[in-house]
Amino acid sequence: MKSFGKRNDKLLYRRRVGAYAVILNQDGKYLVIESTEGYLFLVGGEIEKGENPVVALEREAIEEIGFSLNIGEFIGKVEKHWVSPQYSDLSQHNIGYFYACTLVDKVQTPLETEPMRWVSLETLEKKLFHEHHLYMLKKKVE
């Protein structure tokens, strides 16, 4: 598994495992969620206890964007060790499962309020919050 960030053995890391969607439209743009700070994130999130990655991704998509997904090819798994810039005492070990997906149907109004946007790869290279997410997105493009 490819790894990003440098693990500091003096820190206690919170392990967070998630599933994420790489969604590309016919115009060559990617679907992301934009935070209030202007950062971009792939659709997806934490896998709950007892959930498999595909079920977690289906649930997260409905919560975040209100759409069901066609979950296709498994792109890969990657990890990142990092310390939050906002909370210096919060060290995280993120492990992500990434899938190529397409939108299917709008099934409800999203539960979360952050807007979704279609953006270019160039925009993602500047504003995608996690570099390991960008790495997996580019792996799919190759």
Side-chain angles (χ1 to χ4, degrees), residues 1-9 11-88 90-142:
M1 171 173 41
K2 178 123 173 107
S3 186
F4 288 80
K6 185 172 174 164
R7 183 177 181 90
N8 180 341
D9 291 330
L11 297 176
L12 179 62
Y13 286 84
R14 177 180 174 261
R15 188 170 189 249
R16 186 173 187 274
V17 181
Y20 303 93
V22 175
I23 305 169
L24 179 66
N25 69 14
Q26 301 94 325
D27 298 326
K29 298 211 172 172
Y30 295 89
L31 185 63
V32 294
I33 305 300
E34 184 174 22
S35 72
T36 54
E37 297 86 15
Y39 294 114
L40 302 178
F41 296 87
L42 295 180
V43 172
E46 191 164 16
I47 300 171
E48 295 178 356
K49 187 174 183 175
E51 240 179 356
N52 74 46
V54 170
V55 171
L57 186 52
E58 290 169 339
R59 175 185 50 75
E60 286 286 341
I62 290 170
E63 290 174 5
E64 291 181 355
I65 60 174
F67 277 83
S68 59
L69 297 176
N70 177 12
I71 299 175
E73 172 193 2
F74 175 64
I75 301 168
K77 180 179 170 185
V78 67
E79 71 178 349
K80 177 183 177 183
H81 292 89
W82 67 289
V83 178
S84 170
Q86 292 176 299
Y87 310 101
S88 59
L90 182 58
S91 307
Q92 294 192 38
H93 176 203
N94 292 95
I95 299 170
Y97 294 82
F98 295 80
Y99 297 85
C101 300
T102 55
L103 295 181
V104 178
D105 293 309
K106 182 154 185 160
V107 295
Q108 71 178 42
T109 301
L111 300 176
E112 299 180 12
T113 59
E114 291 86 4
M116 62 180 189
R117 293 181 49 204
W118 291 98
V119 300
S120 67
L121 179 57
E122 181 181 2
T123 299
L124 286 172
E125 290 174 331
K126 294 175 187 170
K127 291 190 165 188
L128 194 63
F129 188 78
H130 292 295
E131 75 262 28
H132 62 304
H133 289 205
L134 183 62
Y135 169 81
M136 294 307 282
L137 183 143
K138 285 183 171 182
K139 185 174 178 184
K140 171 59 186 153
V141 172
E142 294 173 347

Non-hydrogen atoms of Leu40 and Leu128 that approach each other most closely
O-CD1, 3.3 Å

Drop me the distance from Leu111's CG to Glu60's CD, to the nearest 0.5 angstrom.
10.0 Å

Return the set of residues passing side chain to side chain donor-acceptor pair (under 3.5 Å) with His132 (not counting sequence neighbours), or none when no residue passes.
none

Can you see which heavy atom on Val104 is nearest to which on Leu69, and at what distance?
CG2-C, 3.4 Å

Pair Cys101, Leu57 - check side chain to side chain contact (heavy atoms under 4.5 Å, CB included), show working.
CA-CA 10 Å; Cys101 300; Leu57 186 52; 3.9 Å; yes

Give the minimum heavy-atom separation between Glu58 and Ile71, together with the two atoms involved.
CG-CD1, 3.5 Å

Please name all residues satisfying side-chain contact (heavy atoms from CB on, under 4.5 Å) with Ile62, sequence neighbours left out, ordered by chain then number.
Val107, Gln108

If we ignore hydrogens and angles and just use 3.5 Å, is the side chain of Glu64 paired with the main-chain N or O of Gly44 as donor and acceptor?
yes

Glu79 meets the side chain to side chain donor-acceptor pair (under 3.5 Å) criterion, sequence neighbours left out, with Ser3, His93

Residues which pass salt bridge (Lys or Arg N to Asp or Glu O under 4.0 Å) with Lys126, listed by chain and number, not counting sequence neighbours
Glu122

Begin with the C-alpha distance, continue with both residues' side-chain angles, and end with the deciding distance and a verdict on side chain to side chain contact (heavy atoms under 4.5 Å, CB included) for Met116 and Phe67.
CA-CA 11 Å; Met116 62 180 189; Phe67 277 83; 3.8 Å; yes

Output every pair passing salt bridge (charged side-chain N to carboxylate O under 4.0 Å, His left out) with a member in residues 65-74, not counting sequence neighbours, ordered by first then second residue.
Glu73-Lys140

Please list, chain by chain and in numerical order, all residues satisfying side chain to side chain donor-acceptor pair (under 3.5 Å) with Thr102, sequence neighbours excluded.
none

Going by side chain to side chain donor-acceptor pair (under 3.5 Å), name the pairs with one or both residues in residues 109-119, residues two or more places apart or in two chains.
Glu34-Arg117

Partners passing side-chain contact (heavy atoms from CB on, under 4.5 Å) against Lys77 (at least two apart in sequence or in another chain):
Met1, Phe74, Ile95, Tyr97

Under 3.5 Å, which donor-acceptor pairs link side chains of residues 19-28 to any protein atom two or more places apart or in another chain?
residue : atom : partner : partner atom : Å
Tyr20   : OH   : Arg16   : NH1          : 3.3
Asn25   : OD1  : Asp27   : N            : 2.9
Asn25   : OD1  : Gly28   : N            : 3.2
Asn25   : OD1  : Lys29   : N            : 2.9

Cation-pi, Tyr135 ring and Lys2 (6.0 angstrom, 45 degrees):
yes

Hey, could you give me each pair passing side chain to side chain donor-acceptor pair (under 3.5 Å) that has a residue in residues 38-52? Not counting sequence neighbours.
Glu51-Arg59

Sub-4.5 Å side-chain heavy-atom contact between Asn8 and Tyr13
yes

